[in-house]
Amino acid sequence: MDSYTPESDRDPQETQEWIDSLDSVVEAEGRERAQFILNRVLQTARARGLDPVLPVSTDYVNTIRPEEEPEFPGDEAMEERIRRIIRWNAAVMVHKANKQFDGLGGHISTYASSATLYEVGFNHFFRGKDGDGAGDQIYYQGHASPGIYARSFLEGRLSPEQMERFRREVERGKGLSSYPHPRLMPDYWEFPTVSMGLGPIGSIYQARFNRYLHNRGLADTSNSRVWCFIGDGESDEPETLGALSIAAREQLDNLTFVLNCNLQRLDGPVRGNGKIVQDLEGVFRGAGWNVVKVVWAENWDKLFARDVEGVLRRHLNTVVDGQWQRLTTASGDVVREQFFALDPRMLELIKDMTDEEVGRLQRGGHSSRKVFAAYQRAVSSHDGRPTVVLAHTVKGWMLGEGFEGSNVTHQKKKMDQNELKAFRDVLELPVSDEQLEKLPPFYHPGMKSPEVEYVLERRRALGGFLPKRRTQVDVKVEIPGGEVFDEFFKGMAKGEASTTMVFSRLLAKLLRDKKIGKRIVPIVPDEARTFGMDALFSQVGIYAPKGQLYTPIDKGKLLYYREAQDGQVLEEGITEAGSMASFIAAASSYATHGQPMIPFYIFYSMFGFQRTGDQFWAAGDQMARGFILGATAGRTTLNGEGLQHEDGHSHHIAMTVPNCIAYDVSFAYELAAVIEDGLHRMYEKNEAIYYYITLQNEDYPMPPMPEGAKEGILKGIYKFKSAEEKLGKHVQLLGSSCIMMQVLRAQEMLKEFGVSADVWGVTSYQQLRNEASACERHNRLHPEAPAQIPYITQVLSAAAGPFIAASDYIKHTPDAVARFIPGTFVPLGTDGFGMSDTREALRRHFEVDAENVVLGALHGLRLDGKMSAAEVAAAIKKLGIDPDKLDPMKV
């Protein structure tokens, strides 16, 4: 078989005839006709078993040819002056912060490389929220935040005082956050992006959620585009590229990635021995995206026009990124010698150019014209494919030789006097040497200056300032009452159920509710049947942008698999990261689109906080509102699945997210009370919180809610069942989720040992700890005020100890409140790795079955001097507990 490479051509004359034929079609009938013929030829070739082996990437040149470029609509000279002002203020902001507070941090070089990429967008493409529709959603590269602040300063949105307080935020509202943090700047940033990889996957699912809202008739998002700015080094994160096929499959031509290919990670080159632009082109093309490469600026165009033999293209294809980095700041004579001299025909291309002109041959990402052409093609593409712009830039561009293309540039936070002066001179700004002797000043030409008036006029034409986040929700959500929840408060007169099945029943009722049903967004990563939610498929449908193009195999059955363009369920497939990205998009829709949505995201609890914990944290930053359900939770309920499925620690991790409200429920009424309260708090009171609720798959009776228990359920603890008769020895048993059944059995078993017990339901150790810590803080700061007493201490203060807590989670979960319990405390939990066996065997192994709860109570009585060691030893034998068995932590 002949290779497709030019060097191995056996019959160049014949090949040239084919090429000439193609050229004549292009000239006579246009590029579209030529493309059509090529496609037909390829189809015929494949039909004959001649599948050509083609490269996955194109030449290392611009995708858009000069003759195809649209006219640049702006004032290039003016926009260059504006960029220079913003460049200066961005660099000075970081420099000043670190001069005054050494080690404060910040990044100068990332924005320096991407200034043109952002400014072309701000001046010509990014749609604000004050125009028609919701505007665009922009995921800014986190390390470029100084440049975004500098633009807002020029617009008059940020004061000099705020700029002076970059990365100093303790005095609320006076400083600027390090990176895009909506929680810290709630009317400014929309999306937290500096945890690299989360911005790209979030932007894909945001673009998809925009279409979801539109197709369901909830919001007109037809004019909204999602832009995501990414560093090439960030592409190594699996979340960055892992969901690309989703964007193509969902036909998200409302999405544009802008990949800033400055060829550098934090430590050095991204692909020193390769070519990152080419790598990424192959990845995106293979995933079905439109790829627009912006590699070289317009001063290369004349060289390509002269390169009739393609020699320049071939050499550009072979030079690796490590060498391009080396040539980044090299002088013209060095570039001539080390690149163009590789072939005498390339030297011929530049024979009329001076060394200075050769040295000024720029990368395409610094050219307004080239970037504008790329963005214009992206927004004009309506072929159902998302677009990525791969822009070749220089990290630290225009900052001087100490920054440009240097391996240490990402870590450089300050400039010396010579660097500042050189930077000022390059930017041609009216800042004197005397001013630079001190802390260099910010430069603002005045609100009436031509530069500022130009900037403001462009933003007015595009719909207002960006970044900007909505803080006012104009749509009022009316929360349902007893018609939905009373059934669950009354319990089940007959039969048994799991809390997972109870949730499925409650969700179905919420979906049917006329007040909020249309705002419910069920999200599930390919486990709906596992959780008993398959009824939703036929009830409200699975969202599919093209509807259902096939007849499902179970058509005609009651619970058939129904996809619809206006479907309500987001059935995400096997991706917790994608599901969490959908949750965040839905949970922040109140701010992004002014449309409050109520997501219920349910998943195997083990694959939640543990697998996508970074996204849970980002959801807190983005002030997400909604419900996350960790199903099949606990270390011993999903008994057959084993180590990597059995969750005994997610509640401990949930305690780390300040605005995550975590509950571990035992009964239907607890779940109903928590969800009802959550709806009121998030959608009536507009609290910036979200809920994490764990559910189990073990069936047991669902009793009615004890009278007066709701307050305790929501605060974290309530009395479930008092002892029928108080005996000489008395204990308090604290139970959670499915282990409550073991606690109730232990209450009965203790009578054999002359011990009575009260049983308490603990729904949230997290909430109990948070409230108790707040009391401690108040008492510490207000020593003369009456001391506040934690709620758990109040409710247990009149109870006779000791106190024994048992849950399906690690001991550290109940241990979180140990010091607030007024008496001897014995925590029991499932420390160690999970394993497969029966529930009974697992609970014995982890020492949380009824027998071990009894032993915990007797041990507590012994610690309190109410039972002898001999009595406890005899009880251990009677209970059938092996005192010498393997410690679960040692498995």
Side-chain angles (χ1 to χ4, degrees), residues 4-9 12-13 15-16 18-20 22-23 26-27 31 55 57-69 72 76 116 261-263 269 271 273-278 281 291-374 390-394 397-398 404-405:
Y4 61 83
T5 57
E7 292 80 2
S8 61
D9 195 341
Q13 182 177 347
T15 303
Q16 190 60 49
W18 280 86
I19 293 172
D20 291 343
L22 182 64
D23 286 342
V26 172
E27 184 176 348
R31 293 169 59 81
S57 59
T58 59
D59 287 337
Y60 198 56
V61 297
N62 297 339
T63 301
I64 301 173
R65 300 183 302 168
E67 58 269 28
E68 298 174 322
E69 292 175 8
F72 187 78
E76 286 189 82
T116 302
C261 299
N262 57 36
L263 314 186
R271 297 285 188 275
N273 296 311
K275 299 177 80 64
I276 186 61
V277 172
Q278 305 297 81
E281 181 184 17
V291 178
V292 181
K293 293 197 293 190
V294 183
V295 186
W296 309 111
E298 54 266 27
N299 53 4
W300 285 79
D301 289 344
K302 61 183 179 181
L303 301 184
F304 289 116
R306 297 173 188 165
D307 183 32
V308 293
E309 297 182 66
V311 63
L312 177 58
R313 286 172 175 258
R314 289 199 291 275
H315 280 285
L316 291 174
N317 290 340
T318 58
V319 175
V320 297
D321 285 352
Q323 183 69 359
W324 283 126
Q325 184 185 356
R326 188 168 181 273
L327 294 173
T328 291
T329 56
S331 59
D333 61 319
V334 173
V335 175
R336 186 188 300 271
E337 176 186 342
Q338 296 190 5
F339 174 67
F340 287 100
L342 294 173
D343 191 305
R345 291 170 292 180
M346 286 204 299
L347 280 176
E348 185 67 19
L349 295 177
I350 62 168
K351 67 178 182 179
D352 297 329
M353 296 176 65
T354 66
D355 286 344
E356 184 180 2
E357 289 172 326
V358 172
R360 287 204 303 266
L361 289 170
Q362 291 183 1
R363 310 304 187 252
H366 302 303
S367 165
S368 295
R369 292 187 198 177
K370 300 298 185 183
V371 173
F372 178 85
L390 301 175
H392 187 184
T393 67
V394 176
W397 177 244
M398 297 185 76
E404 286 185 349

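Bear in mind that the values here come from a model prediction, so they are computed numbers and not experimental data.
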**Request:** Carefully, step by step, assess V295 and V61 under the rule side chain to side chain contact (heavy atoms under 4.5 Å, CB included).
**Result:** CA-CA 6 Å; V295 186; V61 297; 5.8 Å; no
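- Inter-residue side-chain proximity for R363 and W324 is flagged as met; some heavy-atom pair is nearer than 4.5 Å.
- With sequence neighbours excluded, no residue satisfies side chain to side chain donor-acceptor pair (under 3.5 Å) with E337.
- Closest approach of V292 to A374, counting heavy atoms only: CG1-CB, 3.7 Å.
- Remark: D355 engages R336 in a salt bridge (charged side-chain N to carboxylate O under 4.0 Å, His left out) (not counting sequence neighbours).
- D20 is linked by a side chain to side chain donor-acceptor pair (under 3.5 Å) to Q16, counting only residues two or more places apart in sequence or in another chain.
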**Message:** Is there a side chain to side chain contact (heavy atoms under 4.5 Å, CB included) between W296 and L316? Walk through the geometry before answering.
**Reply:** CA-CA 11 Å; W296 309 111; L316 291 174; 3.6 Å; yes
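- Residues I276 and D321 come closest through the heavy atom pair N-OD2, 2.8 Å.
- L349 and L312 get closest at one heavy-atom pair: CD1-CB, 3.9 Å.
- Residues passing the salt bridge (charged side-chain N to carboxylate O under 4.0 Å, His left out) test with D307: none are found, sequence neighbours excluded.
- For the pair M353 and L361, the tightest heavy-atom approach, listed with the atom from each and the gap, is CE-CD2, 4.0 Å.
- Taking the side chain to side chain donor-acceptor pair (under 3.5 Å) definition, one finds that N317 meets it with D59, sequence neighbours left out.
- Every residue meeting the side-chain contact (heavy atoms from CB on, under 4.5 Å) condition with T318, not counting sequence neighbours, appears here in chain and number order: H315.
- The two residues K275 and V320 make their nearest non-hydrogen contact at CG-CA, 4.3 Å.
- Remark: R345 pairs with E309, V311, R314, D343 by the side-chain contact (heavy atoms from CB on, under 4.5 Å) rule, at least two apart or across chains.
- With sequence neighbours left out, E357 forms a salt bridge (charged side-chain N to carboxylate O under 4.0 Å, His left out) with no residue at all.
- Taking the side-chain contact (heavy atoms from CB on, under 4.5 Å) definition, one finds that E298 meets it with D301, S367, R369, K370, sequence neighbours left out.
- Taking each heavy atom of E68 and T63 in turn, the nearest pair found is OE1-O, 4.2 Å.
- The distance from the CG atom of N262 to the NE2 atom of H366 is 8.0 Å, given to the nearest 0.5 Å.
- By the side-chain contact (heavy atoms from CB on, under 4.5 Å) test, V334 is found to be paired with A330, S331, Q338, residues two or more places apart in sequence or in another chain being considered.
- Not counting sequence neighbours, the partners of E67 by the salt bridge (charged side-chain N to carboxylate O under 4.0 Å, His left out) test are R65.
- Contacts of F72 classified as ring pair (Phe, Tyr, Trp, His ring centres under 6.0 Å), with partners at least two apart in sequence or in another chain: H124, F372.
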